[in-house]
Amino acid sequence: MSRQVPIGNLRNIGIMAHIDAGKTTTTERILYYTGRSYKIGEVHDGQATMDWMEQEKERGITITSAATSCSWNDHIINIIDTPGHVDFTIEVERSLRVLDGTVGVFCAVGGVQPQSETVWRQAQRYQVPRIAFVNKMDRVGANFFNVVKELQDKLSANPVALQIPVGKEDTFTGVIDLIDMNAVIYDETSKGAAFETIEIPDEYKEIARTYRERLIEALCDVDESIMEDFLNGEEIDNRRLRQAIKKGTLSLTVTPVLCGSAFKNKGVQPLLDAIVQYLPSPLEAGKVVGKDENTQEITRRPSDEDAFAALAFKVMNDPYVGQLTFVRVYSGVVNVGDSVYNSTTGKKERMGRLVRMFADKREEIKTLYAGEIAAVLGLKNTITGQSLCDPASPIILESMDFPEPVISIAIEPKSKTDQEKLSGGLSRLSMEDPSFRVHSDVNTGDTLISGMGELHLEIIVDRLKREFGVEANIGKPQVAYTESITKNADENLKYAKQSGGHGQFAHILIRIEPAESGTGLDFVNEISQGVIPKEYIPAVKKGVEEAMLTGPCAGYPVVDVRVVLYDGSFHEVDSSEMSFKIAGSMAMKNVLKKAGPIMLEPVMDVEVVSPVDYIGDVISDLSSRRGKVLGMDTRADVRVIAGQVPLAEMFGYATSLRSLSQGRATFTMQVSHYESVPTSISDNLKVSRGGQSHG
């Protein structure tokens with residue numbers, strides 16, 4: 001079977017935004033107008049195609065990124081609808097890693113909100129070209145021009161309006177196209193499928209001219225020939241403008257901005273046109289860089305002729321067919337039944353079945369081509385972030401960074417029969433979601449599950465019950481504290497043990513220093529002239545890593561430390577890897593106590609949106625939670641408070657904010673950074689964890 005469309009007519013895009021900006025509704029409309037679905041699903045009544053999980057339908061939010069595909073003007077568009085809630089940020093991260101372009105959806109009332117900043121930064125990190133769609137133009141308080149300004153101020157983007165709205169709030173009827181200089185007016189009775197193109201109404205002619213001029217000015221920086229013609233007062237044809245917009249979008253120097261109301265079915269078709277016209281095909285996204293097995297850099301072209309290379313970016317358990325592994329093919333072709341090589345693990349895998357996904361529905365296919373996204377059934381040992389390739393031509397593609405969990409809860413099965421099901425369910429879920437971890441507490445023996453927030457863990461527990469039939473009791477949420485050091489310290493440790501026959505001997509000198517935030521462990525080997533044989537160095541590092549799992553303050557993991565191994569000695573007969581590992585661990589435990597150990601806690605960026613009447617109460621409540629208020633903003637008829645509060649003080653905040661504001665205030669939060677815990681609190685934590693039981 002040959003390709004559905006040439007690779008140049010393929011678009012792999014994501015829809016990303018803050019929670020509630022209307023991503024899923026926008027995707028639903030796209031599916032409706034491209035003929036992929038016959039009725040429009042709504043999020044608020046639990047009927048959205050893309051929100052297919054029970055938990056998504058009940059809560060009206062997106063939890064897992066759903067993939068689907070549709071066609072528009074002879075192009076195939078593969079779409080991934082990503083979650084907007086910060087607890088599921090991993091879903092956005094792994095989708096952006098494999099997408100060529102993305103549409104950022106912004107609420108015309110809320111503007112640029114905290115999570116939209118986060119996803120925008122993630123897209124920036126992966127260098128993904130973006131289009132902005134200002135949604136909800138029909139809402140009271142909608143202000144298109146305000147959102148364009150915020151895109152510039154808050155996201156440091158270079159937004160270029162390709163449209164301006166006709167009317168606003170309840171009089172929003174259509175858009176003015178600044179390239180073709182006409183107005184597109186939607187028919188209220190036809191669910192937006194019918195619209196007419198008319199001349200720009202007189203009252204909009206002036207503002208349309210002003211904004212078209214701004215559009216051309218922005219494109220002067222992208223294309224010098226446009227600048228020359230513009231300065232000479234010559235007319236620039238629309239084809240050249242479109243080419244310049246595409247060039248600017250692909251080079252990340254401009255962000256085209258469109259507007260509409262997905263819920264009212266207005267502005268979706270021009271958005272589809274813009275996706276096809278301005279976002280890149282796999283050919284334009286260009287070659288992908290990886291490493292061969294000798295860590296030499298190699299590349300693959302987006303071509304069916306090149307050797308097969310793909311990245312697994314998501315694993316999902318389907319109750320009917322088992323494990324689905326989503327892959328993005330960067331080069332080459334793969335067929336059902338082919339044997340492929342997982343270059344990350346060094347194991348071979350067989351492509352059992354290939355399916356194209358439409359949210360939770362599947363269509364069997366026989367072949368996957370370069371540039372395509374699909375799911376594979378039958379992969380046994382492949383998880384998120386691993387590379388699959390042609391066994392004859394191995395390549396390891398760049399993996400992904402996964403955020404560290406910030407919150408844990410203890411979980412225990414209600415009965416013996418639940419015990420086995422619990423461990424099976426937890427291991428399946430942690431395979432699926434790299435930001436979810438399972439571990440045992442050394443002190444209490446409890447099983448702890450850790451994730452990105454209360455909602456994240458709530459969903460996990462709910463899925464254990466529904467998908468795996470596990471009844472479990474859960475404890476109170478606990479913060480994922482860490483420990484670090486504040487000053488340099490040295491340790492000279494000699495480990496010698498004599499016990500009939502071979503003894504054990506290792507002698508090392510290490511120095512530790514505080515490292516910058518996010519480093520984890522930076523291990524530096526400064527051994528020269530073979531005072532310690534080089535085969536023992538990894539053993540020392542292993543011992544150091546082991547000691548860092550339980551810090552001297554209260555047994556939490558130690559982070560952000562530079563460890564320098566600079567001297568030592570060994571014994572020809574008695575030294576071994578084991579003795580150097582033990583020495584590394586003992587030396588590290590001793591030196592950590594001398595280096596001014598401190599405890600660190602996650603501090604959250606919190607944004608509260610509240611009516612004016614409750615502002616005083618909201619601010620004093622945040623202060624009582626050890627919070628700092630950083631600023632206040634006015635948005636339509638509400639106030640937006642930005643602050644930073646330790647996560648430990650934010651449990652149950654949703655409930656207390658509701659009661660403070662009679663249910664009218666909302667908040668969002670995400671991890672900002674880690675900072676040291678006040679002594680009074682860290683002393684209590686030491687006591688509750690049995691003090692220096694690990695010291």
Side-chain angles (χ1 to χ4, degrees), residues 86-87 89-90 92-93 114-115 117-126 156 398-408 434-437 439 450-453 456 478-489 510-524 541 544-565 588-589 591-607 625-628 630-631 642-650 668-679 681-682 685-686:
V86 63
D87 284 16
T89 187
I90 179 71
V92 185
E93 185 85 21
Q115 186 61 10
E117 288 184 47
T118 305
V119 294
W120 197 265
R121 278 199 303 273
Q122 286 173 310
Q124 192 65 37
R125 193 165 68 242
Y126 288 117
S156 311
E398 185 195 345
S399 187
M400 309 174 208
D401 294 327
F402 301 124
E404 287 300 315
V406 293
I407 169 177
S408 306
S435 64
F436 167 64
R437 314 273 166 87
H439 57 284
S450 310
M452 301 309 295
H456 186 193
Q478 302 161 2
V479 176
Y481 292 100
T482 55
E483 299 184 20
S484 195
I485 57 169
T486 54
K487 57 186 187 193
N488 297 4
I510 62 171
R511 176 174 71 250
I512 67 172
E513 309 160 0
E516 63 182 67
S517 177
T519 310
L521 164 65
D522 177 15
F523 184 83
V524 182
K541 185 181 177 188
V544 165
E545 284 170 346
E546 224 163 74
M548 285 177 67
L549 293 173
T550 46
C553 294
Y556 289 102
V558 180
V559 294
D560 306 335
V561 177
R562 188 164 190 260
V563 178
V564 182
L565 171 63
M588 191 64 184
K589 281 188 172 167
V591 75
L592 281 171
K593 291 178 195 167
K594 302 181 204 169
I598 51 164
M599 285 186 57
L600 302 173
E601 63 180 342
V603 173
M604 312 301 280
D605 277 330
V606 178
E607 186 180 271
R625 295 170 183 270
R626 298 195 280 132
K628 295 197 272 278
L630 303 178
Q644 290 186 332
V645 191
L647 175 63
E649 307 292 338
M650 289 300 284
T668 52
M669 68 175 183
Q670 58 199 26
V671 184
S672 165
H673 61 282
Y674 276 74
E675 66 182 41
S676 57
V677 179
T679 325
I681 292 170
S682 64
L685 287 163
K686 289 174 196 177

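Heavy-atom basis, side chains included; hydrogens, waters and symmetry copies ignored. The residues of the chain are indexed from 1 along the displayed sequence.
Here Asp522 contributes atom CG and Asp560 contributes atom CG; the two are 10.5 Å apart, rounded to the nearest 0.5 Å. The line from CG of Leu647 to OH of Tyr481 is 8.0 Å long, rounded to the nearest 0.5 Å. Between Glu675 atom CD and Ser484 atom OG the span is 13.5 Å, to the nearest 0.5 Å. Atom-to-atom distance recorded for Ile485:CD1 and Cys553:SG is 11.0 Å, nearest 0.5 angstrom.
Counted by atom type alone, Asn488 and Glu513 present zero donor-acceptor pairs between their side chains at under 3.5 Å.
Here the side chain of Glu483 pairs no donor or acceptor atom with the backbone of Pro557 at under 3.5 angstrom.
The shortest non-hydrogen separation linking Val645 to Met650 is CG1-SD, 3.7 Å. The heavy-atom pair separating Glu649 from Arg625 by the smallest distance is O-NH1, 2.6 Å.
Comment: Glu601 engages Arg626 in a salt bridge, judged by a side-chain N to carboxylate O separation of less than 4.0 angstrom.
In this structure the side chain of Pro552 never reaches within 4.5 angstrom of the side chain of Lys589, judged on heavy atoms. Side-chain contact between Leu521 and Val563 is present, with heavy atoms from C-beta onward closer than 4.5 Å. Here the side chains of Thr486 and Pro514 are not in contact, with every heavy-atom distance at 4.5 Å or above. Counting heavy atoms from C-beta on, the side chains of Val559 and Leu600 come closer than 4.5 Å. Contact check for Val606 versus Gln644: no side-chain heavy atoms found under the 4.5 Å cut-off. Val544 is listed as a side-chain neighbour of Phe523, based on a closest heavy-atom distance under 4.5 Å. Under the 4.5 Å side-chain criterion, counting only non-hydrogen atoms from C-beta, Val558 is not in contact with Thr482.
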Verdict with supporting geometry, Leu592 and Ile512, side chain to side chain contact (heavy atoms under 4.5 Å, CB included): CA-CA 8 Å; Leu592 281 171; Ile512 67 172; 4.0 Å; yes
Evaluation steps, side chain to side chain contact (heavy atoms under 4.5 Å, CB included), between Met588 and Met548: CA-CA 8 Å; Met588 191 64 184; Met548 285 177 67; 3.8 Å; yes
